[in-house]
Visitor: 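Pasting a structure here, questions to come.
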Amino acid sequence: MVRGKLQRLKGYINTETDSVQRIPKDGPDPEQEKTSSFPFSYEKKWYDFGFELHFYEGEYSLIRRKTYPVSSFHGSSAFSDLFHVHKQWQEEEEDHPLSLKGVDLEDLLFFDTETTGLSSGAGTTIFLMGYSRIKGDQVEIVQHFMPGPASEAAFFHGFLTDFSDTNQLVSYNGKAFDWPHLKSRHAFVRNEVPKLPLFGHYDLLHAARRLWKAELPSCRLSIVEEEKLNVKRVNETPGSLAPILYFEYLNHEDPEELLGIFKHHEWDVLSLIVLFSRISQRLLHMPHVQTTGREHLEMGKWFEQAKNSQQAEAHYVKALEYDGGIRQEAYVKLGHIYKKQKNPEKAREFFEKSLTGTGESKAAREAYEELAKLIEHQDKDYEKALVYTNLAIESEKKISRLLRSHKPKTEGLLKRKTRLEIKIEKWGDSQ
DNA sequence: CAATAATAGGAAAGCGCACC
DNA sequence: GGTGCGCTTTCCTATTATTG
């Protein structure tokens with residue numbers, strides 16, 4: 001039985017080994033199948049689904065191209081938002097991981113694959129890969145389908161002959177999953193097909209995590225879609241069923257059940273477009289995007305890490321408008337920025353402001369310690385510095401009592417305390 | 001199930017300031 | 001003017017979360 005299956009997969013031209021009863025009742029007439037130029041069963045269905053044959057060195061893959069106007073919506077965003085976002089990125093002075101400065105918008109490939117499993121062992125293959133992209137005033141979706149293991153070269157050939165080396169990938173966890181996977185599968189057919197291009201690669205999983213790690217229960221694409229894009233998926237099959245459905249397809253050749261997977265893949269690559277837009281709109285302070293205080297805070301951190309303190313400051317300042325905990329954190333972050341900018345007076349002002357109102361927190365602990373430092377070295381008011389050091393120690397203790405996971409790190413603070421006590425001992429009060 | 005990359009936290013190294 | 005200490009930056013490591 002298994003042997004028969006393998007043989008069937010190996011060469012579609014060889015219909016001799018296929019028993020008649022294995023062809024489903026509503027399948028094509030076996031007589032016709034032999035003479036037809038279409039190498040698989042269910043020719044009509046494939047055409048109805050919009051797929052075209054791709055022929056390469058005696059093998060075949062299937063390709064579907066589909067377009068929507070850029071004015072159409074996906075969730076609560078229009079694809080055309082990307083135009084504005086792209087334009088806005090050109091205005092930015094400093095670099096950022098998501099920046100599109102100098103990138104041709106139509107070079108972006110919003111890319112995803114469907115595979116026969118998660119493990120990257122030898123048994124797992126890619127059977128569907130493709131992308132969405134902007135083409136003029138249309139969004140184009142290109143899907144390459146591998147109709148069987150014997151078609152991998154044609155499958156890759158169709159995919160690889162379609163774009164240029166200026167293309168850039170945009171994916172969700174593609175850096176860790178899709179691309180390495182694609183590379184390892186490509187190795188099997190590398191002699192027969194073009195080389196893999198060396199892409200620039202934006203991975204939106206990491207962008208999403210940066211913004212929403214604290215806010216969302218998980219940063220899985222489906223959750224992000226629901227919470228941040230208002231995308232409600234209909235008529236699609238979850239990706240987790242892809243392996244089973246593909247194996248079933250290989251048995252009976254009826255693509256009907258794969259329709260939901262094609263839809264799923266389409267949703268994925270379309271969501272990537274609007275996700276890219278949504279995140280960029282927030283990063284660039286573009287209007288009409290509801291942005292939370294937490295998001296501003298996280299974006300501030302992101303810009304800070306990208307060494308763009310101007311944008312970092314802008315987002316932290318925005319975060320000041322939100323509720324207690326957020327505002328407190330933002331004050332502390334701003335304090336650090338001004339401290340780095342050699343403006344200790346302003347730094348101190350912001351650390352102090354962070355302590356008004358809100359109770360114990362890591363931010364408060366941080367502020368106490370920073371104030372102790374500034375007062376010791378600027379004012380040389382050792383008594384007062386000692387007071388803040390003790391407050392920091394108290395704060396640290398309370399936090400570790402509150403958060404079981406947090407192990408107290410008072411070592412540095414205690415060191416500071418004894419040093420200050422010695423100084424006071426030596427010189428009495430602040431001179 | 002595997003691979004990957006970002007991140008957080010810690011250790012180590014470089015830098016600047018104060019003190020003698 | 002040399003020395004030591006505290007502070008910041010950088011480097012390294014372990015952990016975590018996502019993909020079909």
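Just so you know, these numbers use all the heavy atoms, side chains as well, and skip hydrogens, waters and symmetry mates. Quick caveat: nothing in here was measured; it's all calculated off a predicted structure. First the proteins, then the strands, lettered A, B, ... as listed; each starts at 1.
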Visitor: Could you tell me whether A/E215 and A/R294 make a salt bridge, using a distance below 4.0 angstrom between a side-chain N and a carboxylate O?
Guide: no
Visitor: Any donor-acceptor pair under 3.5 Å linking the side-chain atoms of A/E93 with those of A/Q310?
Guide: no
Visitor: Can you confirm whether the side chains of A/T113 and A/T115 place a donor and an acceptor under 3.5 Å from each other?
Guide: no
Visitor: Distance check needed: C/dT8 P versus A/I337 CD1, whole Å only.
Guide: 14 Å
Visitor: Compute whether any side-chain donor of one residue and acceptor of the other, for A/S277 and A/D81, lie under 3.5 angstrom apart.
Guide: no
Visitor: Check the distance between B/dC17's P and A/E376's CD and give it to me in whole angstrom.
Guide: 16 Å
Visitor: For B/dA6 and A/K301 - does any side-chain N or O of the residue sit under 4.0 Å from the phosphate oxygens OP1/OP2?
Guide: no
Visitor: In whole angstroms, how far is the C1' atom of C/dT8 from the NZ atom of A/K307?
Guide: 12 Å
Visitor: Can you check the A/E304 CD to B/dA8 P distance for me, whole Å?
Guide: 12 Å
Visitor: Round to the nearest Å and state the distance from A/H201 atom NE2 to B/dA3 atom C1'.
Guide: 14 Å
Visitor: Just to be sure I understand the rule, does A/Q305 reach a base, reach only the sugar-phosphate, or reach nothing, if contact means heavy atoms closer than 4.0 Å?
Guide: sugar-phosphate
Visitor: With a 4.0 Å cut-off on heavy atoms, is A/K339 in touch with a base, just the backbone sugar-phosphate, or nothing at all?
Guide: sugar-phosphate
Visitor: Please give, in whole Å, the distance from C/dC5 C1' to A/L420 CG?
Guide: 14 Å
Visitor: Ring-plane angle category for A/Y249 and A/Y246, please: parallel below 30°, perpendicular beyond 60°, tilted otherwise.
Guide: parallel
Visitor: Atom CZ of A/R419 to atom P of B/dC19: distance rounded to whole Å?
Guide: 12 Å
Visitor: Would you kindly give the CG-to-P distance between A/L169 and B/dA5, to the nearest whole Å?
Guide: 13 Å
Visitor: If you measure only the distance, is there a donor-acceptor pair under 3.5 Å linking the side chains of A/S171 and A/H201?
Guide: yes
Visitor: Taking any strand in view, what nucleotide pairs with B/dC1 in a Watson-Crick or G-U wobble way, both distances under 3.5 Å?
Guide: none
Visitor: Return the orientation label for the A/W46 and A/F49 ring planes: parallel under 30°, perpendicular over 60°, tilted otherwise.
Guide: perpendicular
Visitor: Of the candidate nucleotides C/dG6, C/dT8, B/dA5, which contains the atom at the shortest distance from the side chain of A/K373?
Guide: C/dT8
Visitor: Taking any strand in view, what nucleotide pairs with B/dA13 in a Watson-Crick or G-U wobble way, both distances under 3.5 Å?
Guide: C/dT8
Visitor: Between protein and nucleotides 15-20 of chain C, map the contacts as a letter string: B base, S sugar-phosphate only, - none, heavy atoms under 4.0 Å, written 5' to 3'.
Guide: --BBBB
